Amino acid sequence: MLRQDALQAIYPVIQRHIVVTIMGAVAAELYTLGHRDNFFYLEHAMGLASSMGLGIALAMPQHKVVVIDGDGSLLMNLGTLSTLARYKPGNLLHIVFDNESLLSVGGFPTATATGTNLAGIARASGVSQVMEANTPDSLKDAVIGALTSNTLTTIVSKVEAIGPKSFHMDLPLLENRFQFKRALETMQKEGKAHE
Ligand SMILES: Cc1ncc(C[n+]2csc(CCOP(=O)(O)OP(=O)(O)O)c2C)c(N)n1
């Protein structure tokens, strides 16, 4: 599966929710599909998108938070799975696109290329619901299921190690940060998903 196709399949389902992504290729892919004020691309702090998503999910329990993670990023912060499981926010969906590669910095293989199973680690860490979805349609179904079940979920999706031609995003980090904060404030005030 191409991650671009996977993102396209889930975009309509996640677009009105709070979305936090890792940096690099997947951020550029989601941005290109259509940036929204309720999307935050966590630049520089590799591995910490799920930690940021956890904080938002706990602070805004009436809203859904979708984290888009990568295998290299998650492997840098494996303890996050235990922390997610410790707090079990039912409004948090953690999607891991596993391309077995540090694609954004040249494509060096990660430990998932040599046998590490991230879904297995998520299960053993106590994440309430762990799914694997390796086609765009099955991923979309899994995302809809997770968002309606109100259960902390990690979905691991194997994708090809292919990224966008350009990583350019016409959105400086600080601008994204202020837009996102205002979007969250509006969602909090109105008590509903982002228009
Ligand atoms: C602490 C830290 N280490 C390294 C980097 C450099 N870096 C940026 S993206 C990236 C690879 C991310 O890999 P993965 O999460 O698998 O996503 P992919 O690029 O494959 O989509 C690396 C190593 C960084 N930004 N911060």
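It should be emphasised that the depicted structure is a prediction, and the values quoted were computed from it without experimental measurement. No hydrogens, no waters, no symmetry mates; every other heavy atom, side chains included, goes into these values. Counting starts at 1 for both ligands and their atoms, in listed order.
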Quick one: look at [X] and ligand 1, take heavy-atom pairs under 4.0 Å, and tell me if it's side chain, backbone, both or neither.
X: Val105; value: side chain
X: Ser101; value: backbone
X: Asp71; value: both
X: Met76; value: side chain
X: Thr110; value: neither

Close approach of [X] to ligand 1, heavy atoms, under 4.0 angstrom:
X: Ile22; answer: yes
X: Glu43; answer: no
X: Gly24; answer: no

Can you pull out the closest protein heavy atom to [atom]? Residue, atom name and distance to 0.1 Å, please.
atom: atom 8 (C) of ligand 1; value: Met23 SD, 3.5 Å
atom: atom 22 (C) of ligand 1; value: Met46 SD, 3.3 Å
atom: atom 15 (O) of ligand 1; value: Ser73 OG, 2.6 Å
atom: atom 21 (O) of ligand 1; value: Arg3 NH1, 2.9 Å

Examine Gly72 against ligand 1 and note whether any of their N/O atoms are separated by less than 3.5 Å.
-> yes
Geometric N/O contact Leu103 with ligand 1, under 3.5 angstrom | yes
Lys181 atom NZ, over 12 foreign heavy atoms within 6.0 Å = no
Do [X] and [Y] make a side-chain contact, defined as non-hydrogen atoms from C-beta onward lying under 4.5 Å apart?
X: Tyr41; Y: Leu171; result: yes
X: His35; Y: Asn176; result: yes
X: Val127; Y: Thr153; result: no
X: Ile56; Y: His63; result: no

SB check Glu100 Lys158 (cutoff 4.0 Å) = yes
Is it true that Lys189 and Glu185 make a salt bridge, defined as a side-chain N closer than 4.0 Å to a carboxylate O?
-> no
Of all residues at least two apart in sequence or in a different chain, which pass the salt bridge (Lys or Arg N to Asp or Glu O under 4.0 Å) check with Glu43?
-> none
Under 3.5 Å, which donor-acceptor pairs do the side chains of residues 9-27 form with other protein atoms, sequence neighbours left out?
from: Tyr11; atom 1: OH; to: Gly34; atom 2: O; distance (Å): 2.6
from: Arg16; atom 1: NE; to: His194; atom 2: O; distance (Å): 3.0

Counting from 1, what ligand 1 atoms have a heavy atom of His44 closer than 4.0 Å?
-> 24 (C), 25 (N), 26 (N)
Nearest 0.5 Å please: distance from the CG atom of Leu33 over to the CG atom of Leu7.
-> 6.0 Å
